[in-house]
A.B. asks: 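The structure is given below, and queries will be raised subsequently.
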Amino acid sequence: MTEELSFQTYLSITRKKFGIYLLDKKNLKNIYQQELDIEHDTDLIDHNLLSFFLDKNIFKIEKLIGNFLKSIIVIIENNRILNFSIGLKKKNYDEKVNKHYLESCLIELKDVFKESYQNYKIMHFIVNRYLIDGVNCTSFEEEINGDHTCVEANFISISNNLIKEITDILEKYQIKIDHLFEKKYIEKFF
């Protein structure tokens, strides 16, 4: 069980390349890496080519970790991913603005997204800014008085259809998606 936890497998799906990587989390070392360049430049995933790529690499990874691969982190780059900001402005009725109040605003913002985009799953939720009475706030250790609160967040989301496409391919290998990340967002950290 501890052996399984010390390894993490990543599958990268972009318009021009498939990649699979096995990371030794203890030593922070990539111990397996294979990539396949794709000749066509489209947002549609070539199911046969991805299956062929996984056929060649899943067994090798399972042999390296000495166990079956049960989950994988998928990093995807695709024009079908939605990336946009939503803002919420609320009038405060005798409430002090604190962390708890702002958390409830963020939950409300997520609910607005989920109601409007029912066929999408949130991959990344990034708070851009908080404004209280038009003043940008960065810390909420203390309660703040204000008549209006504005919260703006960026949503990066993936369609349920695209998730299903990837899930269907991985089911052949009894592998579940552990997490989904958008490639451009992840690249900002490196």
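As a basis for the values below, the full set of heavy atoms in this structure was taken, side chains included, without hydrogen atoms, waters or symmetry mates. Just so you know, residue 1 is the first one in the sequence shown, and it goes up from there.
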A.B. asks: Any idea which heavy atoms bring R80 and L162 closest together, and the distance?
C.D. replies: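 Scanning both residues, the minimum pair turns out to be NH2-CD1, 3.0 Å.
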
A.B. asks: Establish whether I158 and L44 are linked, either directly or via other cluster members, by ILVMFWY side-chain heavy-atom contacts under 4.5 Å.
C.D. replies: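 No: no chain of side-chain contacts under 4.5 Å links I158 to L44.
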
A.B. asks: Quick check on R15: does its CZ atom have over 12 non-hydrogen neighbours (other residues, nucleotides or ligands) under 6.0 Å away?
C.D. replies: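 Yes.
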
A.B. asks: Given L54, which partner from the list I175, L49, L170, I61 fulfils the side-chain contact (heavy atoms from CB on, under 4.5 Å) test?
C.D. replies: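 Of I175, L49, L170, I61, side-chain contact (heavy atoms from CB on, under 4.5 Å) with L54 is met by L170 alone.
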
A.B. asks: List the atom pairs, donor and acceptor, that lie under 3.5 Å between side-chain atoms in residues 81-89 and the rest of the protein, sequence neighbours left out.
C.D. replies:
unit_1 : atom_1 : unit_2 : atom_2 : d
N83    : OD1    : N154   : ND2    : 3.0
S85    : OG     : N128   : ND2    : 3.2
S85    : OG     : N154   : OD1    : 3.3

A.B. asks: Quick one: does any side-chain atom of E62 pair with a main-chain N or O of L69 as donor and acceptor, under 3.5 Å?
C.D. replies: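 Pair found, side chain donor or acceptor close to backbone of L69.
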
A.B. asks: Under the criterion side chain to side chain contact (heavy atoms under 4.5 Å, CB included), I'd like the reasoning laid out for I65 against T9: C-alpha separation, chi angles, the key distance, then a yes or no.
C.D. replies: CA-CA 10 Å; I65 63 175; T9 307; 5.6 Å; no

A.B. asks: Please answer: with hydrophobic residues joined when any side-chain heavy atoms are less than 4.5 Å apart, are L23 and L11 in the same cluster?
C.D. replies: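 Linked within one cluster.
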
A.B. asks: Closest heavy-atom contact between N145 and I132?
C.D. replies: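 N145 and I132 have their closest heavy atoms at O-CG2, 4.1 Å.
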
A.B. asks: Might you confirm whether atom NZ of K91 has over 12 heavy atoms from other residues, nucleotides or ligands at distances under 6.0 Å?
C.D. replies: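 Result for NZ/K91: enclosed.
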
A.B. asks: For G146, does its backbone N or O pair with a side-chain atom of N92 as donor and acceptor, under 3.5 Å?
C.D. replies: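 Yes: the side chain of N92 pairs with the backbone of G146.
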
A.B. asks: Which pair of non-hydrogen atoms, one from K172 and one from S51, has the smallest distance, and what is that distance?
C.D. replies: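 It is NZ-CB, 4.3 Å.
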
A.B. asks: Nearest 0.5 Å, what's the NZ-CG distance between K17 and D37?
C.D. replies: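 CG of D37 is found 5.0 Å from NZ of K17.
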
A.B. asks: Are any of the side-chain heavy atoms of F7 and N67 separated by less than 4.5 Å?
C.D. replies: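 Of all side-chain heavy-atom pairs linking N67 with F7, none is under 4.5 Å.
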
A.B. asks: Do the side chains of I20 and F59 join up, straight or via other hydrophobic residues, at under 4.5 Å, putting them in one cluster?
C.D. replies: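 No: no chain of side-chain contacts under 4.5 Å links I20 to F59.
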
A.B. asks: Using side chain to side chain contact (heavy atoms under 4.5 Å, CB included), reason through L102 and T149 one step at a time and then give a plain yes or no.
C.D. replies: CA-CA 9 Å; L102 291 171; T149 303; 3.9 Å; yes

A.B. asks: Please list all pairs meeting side chain to side chain donor-acceptor pair (under 3.5 Å) that have one or both residues in residues 104-115, counting only residues at least two apart or in different chains.
C.D. replies: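 Sorted result for residues 104-115: K90-E108.
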
A.B. asks: How far does CD of E39 sit from NZ of K16, to the nearest 0.5 angstrom?
C.D. replies: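 It is 12.5 Å, given to the nearest 0.5 Å.
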
A.B. asks: Between E187 and K183, is the closest basic N to carboxylate O distance under 4.0 Å?
C.D. replies: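 E187 and K183: salt-bridged.
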
A.B. asks: Would you give the length of the straight line joining atom CG of N78 to atom OG1 of T14, rounded to the nearest 0.5 angstrom?
C.D. replies: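 Output value for this atom pair is 9.5 Å.
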
A.B. asks: Nearest 0.5 Å, please: how far is OG1 in T167 from CG in L180?
C.D. replies: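 Between L180 CG and T167 OG1, I get 7.5 Å after rounding to 0.5 Å.
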
A.B. asks: D24 side chain to K29 main-chain N or O, any donor-acceptor pair under 3.5 Å?
C.D. replies: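 A pair under 3.5 Å: no.
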
A.B. asks: Given side chains that start at C-beta, do those of N160 and I163 come closer than 4.5 Å, heavy atoms only?
C.D. replies: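 Of all side-chain heavy-atom pairs linking I163 with N160, at least one is under 4.5 Å.
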
A.B. asks: When hydrophobic residues are tied together by side-chain contacts of less than 4.5 Å, even through go-betweens, does M123 share a cluster with V112?
C.D. replies: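 No; tracing contacts between hydrophobic side chains, which count when under 4.5 Å, never links both residues.
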
A.B. asks: Taking atom types as modelled, find out whether Q8 and Y21 have a side-chain donor-acceptor pair closer than 3.5 angstrom.
C.D. replies: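 No, because no side-chain N or O of Q8 sits under 3.5 Å from a partner of the opposite role on Y21.
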
A.B. asks: If you round to the nearest 0.5 Å, how far is NZ of K188 from CD1 of I126?
C.D. replies: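 It is 6.5 Å, given to the nearest 0.5 Å.
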
A.B. asks: What residue pairs, at least two apart or across chains, pass ring-ring contact (aromatic ring centres under 6.0 Å, His included) with a residue in residues 142-181?
C.D. replies: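 For residues 142-181, and leaving out neighbouring residues, the ring-ring contact (aromatic ring centres under 6.0 Å, His included) pairs sorted by first residue read F113-F155, H124-F181, F125-F155, H179-F181.
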
A.B. asks: L28, F189: one ILVMFWY side-chain cluster at the under-4.5 Å cut-off?
C.D. replies: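 Result: no, two separate clusters.
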
A.B. asks: Report the C-alpha separation of I166 and I76 in whole Å, then their side-chain angles, then the decisive distance to 0.1 Å, and conclude whether the side chain to side chain contact (heavy atoms under 4.5 Å, CB included) test is met.
C.D. replies: CA-CA 10 Å; I166 298 166; I76 187 161; 3.6 Å; yes

A.B. asks: Do you know which two heavy atoms are closest between F18 and D46, and how far apart they sit?
C.D. replies: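 Where F18 meets D46 most closely, the heavy atoms are CZ-O, 4.3 Å.
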
A.B. asks: Using the rule given for side chain to side chain contact (heavy atoms under 4.5 Å, CB included), can you reason through Y10 versus I72, listing the C-alpha separation, both sets of side-chain angles and the distance that settles it, and then say yes or no?
C.D. replies: CA-CA 6 Å; Y10 297 85; I72 197 163; 5.7 Å; no

A.B. asks: How many angstroms lie between NZ in K164 and OG in S159, if you round to the nearest 0.5 Å?
C.D. replies: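 K164 atom NZ to S159 atom OG measures 12.0 Å (nearest 0.5 Å).
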
A.B. asks: Is any side-chain heavy atom of V127 closer than 4.5 Å to one of L106?
C.D. replies: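 They are in side-chain contact.
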
